[in-house]
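Have a look at the structure below, then the notes.
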Amino acid sequence: MLRAVVAGARAAPTGTFRPRVRDASGGWVLLHASRLIAEDDRETVVTVERASGGELLGLLLAACGLTAREREVCREVIAGRST
């Protein structure tokens, strides 16, 4: 998994890659890989943390196949914004 995350960061134009994956207990973790700025950019740092609800929201909305506007409306409703 770490090699895949590092490869994602190296392939990304921004040099970062943030996949969310399921852990052994069924929860979600966020892997954050970033290329280090150095003379040779072969080094990458990877952090692992529990994924928050906000980080999972985009994944959930995408899995439902919502349009960009529908995702925007869902985010506003969840945030408790008034009409």
Side-chain angles (χ1 to χ4, degrees):
M1 181 61 72
L2 285 177
R3 287 183 188 201
V5 173
V6 169
R10 289 183 181 167
T14 61
T16 63
F17 186 57
R18 295 175 52 104
R20 294 155 301 247
V21 296
R22 300 296 295 259
D23 63 13
S25 64
W28 289 91
V29 294
L30 174 68
L31 303 171
H32 184 124
S34 296
R35 284 183 295 180
L36 295 178
I37 299 173
E39 291 177 13
D40 64 351
D41 62 348
R42 297 183 337 203
E43 294 193 28
T44 305
V45 63
V46 177
T47 59
V48 180
E49 60 185 284
R50 186 169 310 281
S52 70
E55 291 155 342
L56 296 175
L57 180 60
L59 183 66
L60 176 63
L61 297 177
C64 292
L66 301 179
T67 66
R69 178 63 179 146
E70 290 169 332
R71 290 190 304 265
E72 182 182 341
V73 169
C74 286
R75 284 189 172 92
E76 295 294 316
V77 169
I78 290 169
R81 304 282 196 273
S82 67
T83 57

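For the pair Ser34 and Ala9, the tightest heavy-atom approach, listed with the atom from each and the gap, is N-CB, 4.4 Å. Nearest approach of Arg50 to Glu55, heavy atoms of both residues: O-OE1, 4.3 Å.
At least one side-chain heavy atom of Val21 sits under 4.5 Å from a side-chain heavy atom of Leu31. Contact annotation: the side chain of Arg20 approaches that of Leu56 to within less than 4.5 Å [non-hydrogen atoms, C-beta and beyond]. You'll find the side chain of Cys74 reaches within 4.5 Å of the side chain of Leu66, heavy atoms only.
Taking CD from Glu43 and CZ from Arg10, the interatomic distance works out to 9.0 Å, rounded to the nearest 0.5 Å. The OG1 atom of Thr47 sits 7.5 Å away from the CZ atom of Arg18 when rounded to the nearest 0.5 Å.
Between Glu72 and Arg69 there is a salt bridge, since at least one side-chain N of the basic residue sits less than 4.0 Å from a carboxylate O of the acidic one.
The same ILVMFWY cluster, assembled from side-chain heavy atoms under 4.5 Å apart, contains both Ile78 and Leu61. In the hydrophobic cluster analysis, where Ile, Leu, Val, Met, Phe, Trp and Tyr join through side-chain heavy atoms closer than 4.5 angstrom, Phe17 is grouped together with Val48. Note on Val6 and Val29: same hydrophobic cluster, where clusters join Ile, Leu, Val, Met, Phe, Trp and Tyr whose side-chain heavy atoms are under 4.5 Å apart, directly or indirectly.
Between the side chain of Arg35 and the backbone N or O of Ala12, at least one donor-acceptor pair lies under 3.5 Å. The backbone N or O of Glu76 lies less than 3.5 Å from no partner atom in the side chain of Arg81, so there is not a single donor-acceptor pair.
Shown here is Arg22, whose CZ atom has more than 12 heavy atoms of other residues, nucleotides or ligands within 6.0 Å.
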